[in-house]
Amino acid sequence: MDQEVEQFTFDFYNEKAQILGGSSEDLKIKLGDFAGPLDLLLFLIKQEQANIFDIPIARITEKYLEYIRLMKRLDIAVAADFLVMAATLIEIKSKMLLPRDPKAEGEDDEFEDPRKELVDRLLEYEKFKSAAGMLYERSTIEQAIFTRGPIDSDDNNAEINATVFDILTVFQKVVARHKEDIKMEIEREEISLADMIKNLTRRLHEQKELSLLTVFEEMRSKRELVTAFIAVLEIVRTEGVKLMQRKTFGDIVLKVS
Amino acid sequence: METEESEKIHRSPVELMAIVEALIFVAEEPVTSKLLGEVLEEEKGAIDAAVEQLQQDYEARDAGLQIREIAGGWQMATRTELHEDVRKFLKTRPSAKLSLASLETLAVIAYKQPVTVPEILEIRGVQSASAIKTLLDKRLIIARGRKEAVGRPMMYGTSKDFLLQFGLKDLSELPSIEDFEDLVT
Amino acid sequence: METEESEKIHRSPVELMAIVEALIFVAEEPVTSKLLGEVLEEEKGAIDAAVEQLQQDYEARDAGLQIREIAGGWQMATRTELHEDVRKFLKTRPSAKLSLASLETLAVIAYKQPVTVPEILEIRGVQSASAIKTLLDKRLIIARGRKEAVGRPMMYGTSKDFLLQFGLKDLSELPSIEDFEDLVT
């Protein structure tokens, strides 16, 4: 039994890209997760058992277009880059059909194979594809190794290591928050800061741990959200409570210490 | 007697010591023999023996670490006698770390400089005094004179150390919103 | 001979091993021999010797831990073979793998750094914006200033986290890209 169209599950070892049949009646396709037009081309060349240095351009172009048509029929958005490559292939194909300039004949050196640029790109690309495979293996090995759990000196783990990118992201968030704050004009009964602190403290002591994400998501308005945020800061400051972030950009957890 | 004596000893003492050592090492909190026994499907007695043997080994080889019993569980820690050097080391760690509040404040200053405290408050919506102090202490920002406005508030901008720490040649190298427009959506 | 042989050897080799072990343990990140030497006021050579002896001892006693060189420093970690039990204990699953597109983009950045978005497109033949976003979010790559070219595009390079997550001592440990040529065709 063939699976339904199955995409984007990718495993270097078990998940080989492949295209299975494609008659109009019985359209059973397994779309490999092709990383781009070059990836697809390499696959087709291998499937056709063609020599990469002497690509049968007409046949490969036909297969390539067939694949794109299949994607379209399945309502899969075909990325523009795939279409650009289709155009390139057609162009090369037509150049191959042109008779060579008789004047240039004989001087083989000057004859530039229309496929050359594409072949160079494919070869260059394939190196990086192999390198990606190497990285995949490395990360798999690395996932089998664990470092120590937090120790006492790691108490201030609410801190994060910042990069320039973080600065921008954080800035965008602040600005977005600011804009939404201004938009908020609806007044409704809001919980006071004191009540918020009381409420959160009680829950924290009941549950020992409180996910900030959960708390913040419960808030019904920006104003409440801000109140909750300040309340959390107050609690951390005044009570024996720790803010912990187990993963960078992960959820932050309030914890009774 | 309902306790089922499930004989599942499939590890040699050395193997058991190794995995127990690894688990105590990765644990977030002191870990009990009971929990170790459950995860490893070993008798509590075997776990206790392994931990005790580990403790003795650590001591015999004058290791820098110890396995100690605390809060009803086992925990790995540095040996007490080494505290001076350990403390000294922990202090010298280059700390490029910033709290989220400081980072936010730094971001506002970086993109809006020169900027005053009330302006930062306006954008962030929270008081930023302690964050500004932290940033001044870490020399990431500097005072940039006073603004010609009511109260002549102090203006702040990023420092040379800021450029160094974030690997920037100059401020024009700061990513702009446009750089990430395609990426951050 | 002007090199002053500052004779500061006030620790026995065993004592030095102990304190080095303790410091590698407490460090939050891989720690360099240089930093250890500075804090302990010991020659780098003595530190290296101590770490190497520690590594050998760990191996000889089939410990559950290892001391390894990564991202330019020393780090204590569990031994690879124990991953199943450790994972069971921590109740973690292997984290989600990067997509093929992200891995390819990462490979291009690792080998061509610093590299701009258009240059990545040129090699991969496909827009890589979302992959770059993913890699930035995962902190595997970082912005590396701007290229002095039309539009001054941002350049990207790999981060320290990249070394850590892929178990590399430094970038030179990556096999050269030409090595992959043999695999090709």
Side-chain angles (χ1 to χ4, degrees), chain B residues 11-12 14-28 31 35-36 38-41 54 57-58 61-66 76-79 81-94 97 166-170 172-176 178-185, chain C residues 11-12 14-29 31 35-36 38-40 54 57 61-66 76-79 81-92 117 127-134 136-137 142-146 151-155 157:
Chain B
R11 293 180 186 89
S12 74
V14 171
E15 282 168 348
L16 187 56
M17 273 166 65
I19 182 62
V20 163
E21 186 181 25
L23 296 191
I24 294 175
F25 172 78
V26 297
E28 288 191 18
V31 53
L35 179 58
L36 289 173
E38 279 165 19
V39 172
L40 300 175
E41 297 176 40
L54 268 173
D57 287 2
Y58 273 48
R61 71 178 170 92
D62 282 324
L65 305 175
Q66 58 173 325
M76 197 174 285
T78 57
R79 228 176 51 225
E81 305 92 278
L82 304 170
H83 72 99
E84 259 179 54
D85 282 331
V86 171
R87 200 158 290 152
K88 188 174 161 204
F89 171 74
L90 289 175
K91 262 190 211 154
T92 58
R93 277 178 316 168
K97 294 194 163 185
F166 289 92
L168 300 165
K169 265 190 241 150
D170 52 54
S172 77
E173 282 202 343
L174 264 182
S176 71
E178 293 78 53
D179 283 320
F180 292 99
E181 228 148 49
D182 303 337
L183 309 180
V184 186
T185 41
Chain C
R11 293 181 186 89
S12 73
V14 170
E15 282 169 348
L16 187 55
M17 272 167 65
I19 181 64
V20 162
E21 186 181 25
L23 296 192
I24 294 176
F25 170 75
V26 294
E28 275 176 62
E29 293 184 335
V31 54
L35 179 59
L36 290 173
E38 280 164 19
V39 173
L40 300 175
L54 269 172
D57 288 3
R61 71 178 170 91
D62 282 324
L65 306 175
Q66 58 173 326
M76 198 175 284
T78 59
R79 241 188 28 235
E81 307 90 277
L82 304 172
H83 71 99
E84 266 179 47
D85 283 330
V86 175
R87 201 162 276 153
K88 189 173 160 204
F89 174 73
L90 291 174
K91 298 195 187 103
T92 57
V117 172
Q127 298 290 341
S128 310
S130 75
I132 291 171
K133 167 88 168 60
T134 304
L136 280 168
D137 283 348
I142 46 171
R144 277 273 161 83
R146 295 181 183 282
R152 303 190 74 223
M154 288 301 290
M155 296 188 293

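In what follows, chains carry the letters A, B, and so on, assigned in the order in which the sequence lines appear, proteins first and then strands, with residues in each chain numbered from 1. All values below were derived from every heavy atom in this structure, side-chain atoms included, with hydrogens, water molecules and symmetry-related copies excluded.
- Atom CD of B/Glu173 is separated from atom CE of C/Met155 by 7.0 Å, given to the nearest 0.5 angstrom.
- Taking C/Ala63, C/Pro153, C/Gly64 one by one and counting their heavy-atom pairs under 4.5 Å with chain B, the maximum is reached by C/Gly64.
- If you measure heavy-atom distances from B/Val31 to chain C, the contacts under 4.5 Å come from the side chain alone.
- Here the OG1-CD1 distance, from C/Thr78 to B/Ile19, works out to 8.0 Å after rounding to the nearest 0.5 Å.
- Taking the side chain as every heavy atom from C-beta outward, B/Leu40 and C/Phe89 never approach each other to under 4.5 Å.
- Using a 4.5 Å cut-off between heavy atoms, C/Leu23 contacts chain B through both its backbone and its side chain.
- The closest donor-acceptor contact from the side chain of B/Lys169 to the backbone of C/Gly145 lies at 3.5 Å or more, if one exists at all.
- One distance of note links CG of C/Leu65 with CE of B/Met76; it measures 5.0 Å at 0.5 Å rounding.
- In this structure, C/Asp85 and B/Arg11 approach most closely via the heavy-atom pair OD2-NH2, 3.1 Å.
- Residues B/Ser172 and C/Arg152 approach most closely at OG-NH1, 3.2 Å, considering heavy atoms.
- Scanning for side chain to side chain donor-acceptor pair (under 3.5 Å) contacts around C/Asp62 gives an empty result, with sequence neighbours left out.
- Scored by the salt bridge (charged side-chain N to carboxylate O under 4.0 Å, His left out) test, C/Arg61 finds B/Glu21 as partners (sequence neighbours excluded).
- In this structure, the portion of B/Ala77 lying under 4.5 Å from any heavy atom of chain C is its backbone and not its side chain.
- Heavy atoms of B/Leu35 lying under 4.5 Å from chain C belong exclusively to its side chain.
- Of all non-hydrogen atoms in B/Leu82 and C/Ala22, the two that sit nearest each other are CD1-CB, 3.8 Å.
- Annotation: the span from B/Leu168 atom CG to C/Arg144 atom CZ amounts to 12.0 Å, rounded to 0.5 Å.
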